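Each ligand, and each atom within it, is numbered from 1 in the order the structure gives. Note that the coordinates shown come from a computational prediction; the quantities given were computed from them, not determined experimentally. Starting from 1, each residue takes its place in the sequence as its number.
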Amino acid sequence: MSTIFSKIINKEIPSDMVYQDEHVTAFRDIEPQAPVHILIVPNRKIATVNDIQEEDEQLIGKMFTAARKIAAEEGIAADGYRLLINCNKHGGQEVFHLHMHLFGGRPLGPMLLRR
Ligand code: AMP
């Protein structure tokens, strides 16, 4: 089953796309939680981290290369940023098309809320 991210990748619905190549697409999150909040998505759907196969290793690497390039373009590379991937219910995953969040543009605070 495809998700809304496939429609964004295929440009069937609008998005604020910042990067696309034959393997990876990146666009701004619709509900940003930091001054820079971008989602980096493989063009080929993988539902969750649990579904990554060994043959996907190059593709996963390309997500990180895209993150590096985008962070530089957004001007946040030197100050720093956070990359985050949610998996399934306890991870808080809402869209079941693998995606890496890129957050930056301000100090991001502790990694998890303490409770
Ligand atoms: P996650 O909880 O890791 O699955 O994150 C899903 C993210 O997708 C959330 O941060 C949403 O705000 C974001 N999102 C959902 N729909 C869209 C959309 N149409 N365009 C951009 N971001 C979206």
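- The backbone N or O of Lys7 lies less than 3.5 Å from no partner atom in the side chain of Glu12, so there is not a single donor-acceptor pair.
- Checking side-chain atoms of Asp79 against main-chain N and O of Ile76 turns up no donor-acceptor pair under 3.5 Å.
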Hey, can you pull the donor-acceptor pairs under 3.5 Å for the side chains in residues 15-24, sequence neighbours left out?
residue: Asp16; atom: OD2; partner: Arg28; partner atom: NE; Å: 3.4
residue: Tyr19; atom: OH; partner: Asp21; partner atom: OD2; Å: 2.6
residue: Gln20; atom: OE1; partner: Lys11; partner atom: NZ; Å: 3.2
residue: Gln20; atom: NE2; partner: Ile9; partner atom: O; Å: 3.1
residue: Gln20; atom: NE2; partner: Thr25; partner atom: OG1; Å: 2.8
residue: Asp21; atom: OD1; partner: His23; partner atom: N; Å: 2.8
residue: Asp21; atom: OD1; partner: Val24; partner atom: N; Å: 2.8

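- Sorted by chain then number, the residues whose non-hydrogen atoms approach ligand 1 to under 4.0 Å are Ile4, Phe5, Ile8, Phe27, Arg28, Asp29, Ile30, Glu31, Leu39, Asn86, Gly92, Gln93, Glu94, Val95, His99, His101.
- For the ring-ring contact (aromatic ring centres under 6.0 Å, His included) condition, no pair includes a residue of residues 68-93, sequence neighbours left out.
- Leu84 forms part of a hydrophobic cluster together with Phe103, Leu108, judged by ILVMFWY side-chain heavy-atom separations under 4.5 Å.
- Summarising the geometry of His97 relative to Ser6, their closest heavy-atom pair is ND1-OG, 3.7 Å, with the distance given to 0.1 Å.
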